[in-house]
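Reviewing the structure listed below.
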Amino acid sequence: MTDTSSTGQARGEATAPRRRALYRLMRYLPLVAPVLLWAVPCWVLLYTGQHWPLPVTAGGTALFVLGLVAMPLGMARGHGRRQQDAAAVLGDTLLGVSWVLFTWSVLLGVLLRPALAVAGVGDGQDRARTVAWAVLGASAVLLAWGYAEARRVPRVRRLDVRLPRLGAGLDGLRVVLVTDTHYGPLDRARWSARVCETVNALDADLVCHTGDIADGTAERRRAQAAPLGTVRATHARVYVTGNHEYYSEAQGWVDLMDKLGWEPLRNRHLLLERGGDTLVVAGVDDVTAESSGLPGHRAHLAGALDGADPGLPVLLLAHQPAFVDRAAAAGVDLQLSGHTHGGQIWPFHYLVRLDQPALAGLSHHGARTVLYTSRGTGFWGPPFRVFAPSEITLLVLRSGN
């Protein structure tokens with residue numbers, strides 16, 4: 001367990017420059033990124049001394065140009081106003097392919113080629129071709145493995161979480177966390193049903209979904225989300241919105257989850273009682289809610305805790321780990337979050353850490369707040385997970401006594 005204890009103010013001052021740098025980068029990323037993602041591997045694979053036959057060079061270049069054109073076009077038509085699922089699948093898949101090719105073109109181009117030269121392996125053309133085949137081989141293996149990782153039912157990650165203020169009657173409370181299911185252009189209704197079967201096998205007292213249910217409206221993704229209605233818990237099933245709900249008519253998702261038997265914790269709480277002890281289970285809207293313009297949608301922790309006994313332990317659902325500064329200032333005992341996907345495709349992990357205080361797992365914040373960040377149950381966009389496996393999380397709460 002990582003201890004990152006500090007005051008909320010100090011942490012805010014430390015992370016603010018990183019976030020400003022990320023926002024500046026994101027401003028220009030849509031213009032520069034596609035060109036870099038396709039041009040760099042094209043150069044490394046075809047134009048750094050390989051001397052391929054002309055048909056290979058010309059055909060390879062044509063494929064890279066086609067990818068450069070098709071990727072942003074597919075993503076724009078798939079995720080823009082048109083919402084064309086086939087275009088989204090094409091654009092998202094090309095994004096994942098280009099990211100992996102770019103990453104390993106850079107790494108192997110920088111590391112492998114000098115190593116071959118030092119080792120005296122072949123001449124310049126031999127070394128260039130060795131690097132090209134290594135990039136293609138590594139990328140093919142990682143994409144095949146990453147696709148299988150993204151499409152499988154997540155493994156269950158089990159861990160104990162000790163909360164000093166938790167009463168003995170609540171010791172052993174089983175909390176299951178699913179998050180970032182991202183039902184989307186690829187129909188995953190069967191996958192959704194199998195995820196819910198796995199959750200039901202865990203005999204949970206409380207099941208939580210911390211948002212980003214889907215990419216698309218509730219009406220559009222209803223069939224994929226419907227199995228969530230089969231989830232069982234002895235006490236409650238609770239849900240909070242993520243940022244992606246606010247791209248797709250968030251209130252529709254709140255209403256659908258309510259119909260499926262989940263308790264939407266929109267800046268409010270409920271009390272979970274067992275063995276004579278009580279746990280406050282609270283939830284807040286995602287931090288992007290207020291800018292969505294939807295009436296009544298905002299992240300309001302004071303409202304979520306209004307009326308709760310301050311002497312009781314608090315479990316808070318908040319989609320983004322970045323909310324933990326506010327949670328720690330309010331003395332929350334445990335915050336459950338998702339949003340990061342654990343980076344999803346390495347080395348995107350490092351960009352996520354510029355924006356969020358945690359990537360995955362348990363961390364300590366403030367005087368007593370524990371944050372658990374899930375790597376997510378589904379995937380967003382590219383149907384790949386590389387060095388960031390998905391998860392269904394079983395947290396067993398342990399009393400401080």
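Note that the structure is a prediction, hence the values are computed from the model and not measured.
Scanning both residues, Arg385 and Gly378, for their nearest heavy atoms gives NH2-O, 2.7 Å. In terms of heavy atoms, Gly109 sits closest to Pro114 at O-CD, 3.9 Å. In plain terms, the two heavy atoms of Gly311 and Asp309 that are nearest each other are N-OD1, 2.8 Å. Minimum interatomic distance between Asp277 and Ala168 (heavy atoms only, all atoms of both residues): OD2-N, 3.3 Å. Considering all non-hydrogen atoms of both residues, Ala189 and Asp187 come closest at N-OD1, 3.1 Å. Considering all non-hydrogen atoms of both residues, Leu294 and Ala250 come closest at CD1-CB, 3.8 Å.
Counted within 6.0 Å of CZ on Arg129, heavy atoms from surrounding residues, nucleotides or ligands total more than 12; the atom is thus considered enclosed. Within a 6.0 Å sphere centred on CD of Gln84, heavy atoms belonging to other residues, nucleotides or ligands number more than 12. The neighbour count for Glu263 CD, taken as heavy atoms of other residues, nucleotides or ligands under 6.0 Å away, is above 12. Remark: Arg194 CZ is loosely packed, at most 12 non-hydrogen atoms of other residues, nucleotides or ligands lying under 6.0 Å away. More than 12 heavy-atom neighbours from other residues, nucleotides or ligands sit within 6.0 angstrom of CZ on Arg152. Taking a 6.0 Å sphere around CH2 of Trp145, one finds it holds more than 12 heavy atoms contributed by other residues, nucleotides or ligands.
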I would like to know whether Arg222 and Glu219 meet salt bridge (charged side-chain N to carboxylate O under 4.0 Å, His left out); could you show each step before the answer? CA-CA 5 Å; Arg222 180 184 296 269; Glu219 185 63 31; 3.5 Å; yes
What verdict does the side-chain contact (heavy atoms from CB on, under 4.5 Å) test give for Val396 and Val161, after you've listed the backbone C-alpha separation in whole Å, the side-chain angles of each residue and the deciding distance to 0.1 Å? CA-CA 6 Å; Val396 181; Val161 180; over 6 Å; no
Under the criterion side-chain contact (heavy atoms from CB on, under 4.5 Å), I'd like the reasoning laid out for Arg221 against Trp253: C-alpha separation, chi angles, the key distance, then a yes or no. CA-CA 10 Å; Arg221 308 301 182 203; Trp253 280 110; 3.8 Å; yes
Audit row: Thr93, Phe384, side-chain contact (heavy atoms from CB on, under 4.5 Å) steps and yes/no: CA-CA 8 Å; Thr93 301; Phe384 307 105; 4.1 Å; yes
Please test Leu166 against Leu279 for side-chain contact (heavy atoms from CB on, under 4.5 Å), starting from the C-alpha separation and ending with a verdict. CA-CA 7 Å; Leu166 192 72; Leu279 174 68; 4.2 Å; yes
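A search for salt bridge (charged side-chain N to carboxylate O under 4.0 Å, His left out) contacts involving Asp333 returns Arg165, Arg368, not counting sequence neighbours.
Within the 4.5 Å cutoff, side-chain heavy atoms of Leu315 are placed close to those of Leu397. For the pair Val284/Val240, no side-chain contact is recorded, criterion being any heavy-atom separation below 4.5 Å from C-beta on. Residues Leu336 and Ser374 fail the side-chain proximity criterion, which asks for heavy atoms closer than 4.5 Å. Proximity of Ser390 to Phe379: side-chain heavy atoms (C-beta onward) are nowhere separated by under 4.5 Å. Ile213 has its side chain within reach of Tyr239: a pair of non-hydrogen atoms, C-beta onward, lies under 4.5 Å apart. In this structure the side chain of Phe387 never reaches within 4.5 angstrom of the side chain of Phe348, judged on heavy atoms. Contact of the Trp191 side chain with the Pro227 side chain is not registered, since no non-hydrogen atoms from C-beta on lie closer than 4.5 Å. With contacts defined as side-chain heavy-atom distances shorter than 4.5 Å, the pair His235/Arg274 qualifies.
With rounding to the nearest 0.5 Å, the separation of CG in Leu206 from CG in Leu317 is 7.5 Å. Distance OH/Tyr183 to CD/Gln224: 7.5 Å, rounded to 0.5 Å. Here Leu186 contributes atom CG and Asp92 contributes atom CG; the two are 8.0 Å apart, rounded to the nearest 0.5 Å. One finds the CG atom of Leu312 at 11.5 Å from the CG atom of Leu272 (value rounded to the nearest 0.5 Å). The distance from atom CG of Asp126 to atom OG1 of Thr130, rounded to the nearest 0.5 Å, is 6.5 Å. Expressed to the nearest 0.5 Å, how far NE2 of His51 lies from OG1 of Thr57 amounts to 10.0 Å.
In this model, a donor atom of one side chain and an acceptor atom of the other lie less than 3.5 Å apart for Glu391 and Thr393. His209 and Thr181 form a side-chain donor-acceptor contact under 3.5 Å, judged by distance and modelled atom types alone. Checking Ser291 against Tyr246 by side-chain atom types alone, no donor-acceptor pair falls below 3.5 Å.
At distances below 3.5 Å, not a single donor-acceptor pair connects side-chain atoms of His319 with backbone N or O atoms of Asp285. Judged by distance alone, the side chain of Arg174 and the main-chain N or O of Leu394 form no donor-acceptor pair under 3.5 Å. A donor-acceptor pair is defined here as one N or O able to donate and one able to accept, closer than 3.5 Å; such a pair exists between the side chain of Thr340 and the backbone of Leu359. Within the 3.5 Å criterion, the main-chain N or O of Pro389 finds a donor-acceptor partner in the side chain of Arg375. Between the side chain of Ser98 and the main chain of Leu95, a donor-acceptor pair closer than 3.5 Å is present. Side chain of Ser337 to main chain of Ala318: a donor-acceptor pair is present (N/O by atom type, distance under 3.5 Å, no hydrogens or angles). Between the side chain of Arg237 and the backbone N or O of Gly261 there is at least one donor-acceptor pair closer than 3.5 Å. Panel note: side chain Thr241, backbone Gly211; no donor-acceptor pair is recorded below 3.5 Å. A donor-acceptor pair under 3.5 Å links the side-chain atoms of Gln50 to the main chain of Leu45, judged by distance alone. In this structure, the side chain of Asp160 does not engage the main chain of Arg398 through any donor-acceptor pair within 3.5 Å.
The side-chain contact (heavy atoms from CB on, under 4.5 Å) with Thr377 is formed by just one residue from the set Val195, Thr198, Leu177; it is Val195. Of the candidates Asp286, Asp215, Thr288, His244 forms a side chain to side chain donor-acceptor pair (under 3.5 Å) with just one, namely Asp215. Tested against His339, the residues Asp212, Thr179, Thr373, Asn243 include a single side chain to side chain donor-acceptor pair (under 3.5 Å) partner, Asn243.
Taking the six-membered ring where the residue is Trp, Trp346 and Tyr350 present perpendicular rings, their angle passing 60° and hence far from 30°.
With salt bridges taken as basic N to acidic carboxylate O contacts below 4.0 Å, none links Asp258 and Arg266.
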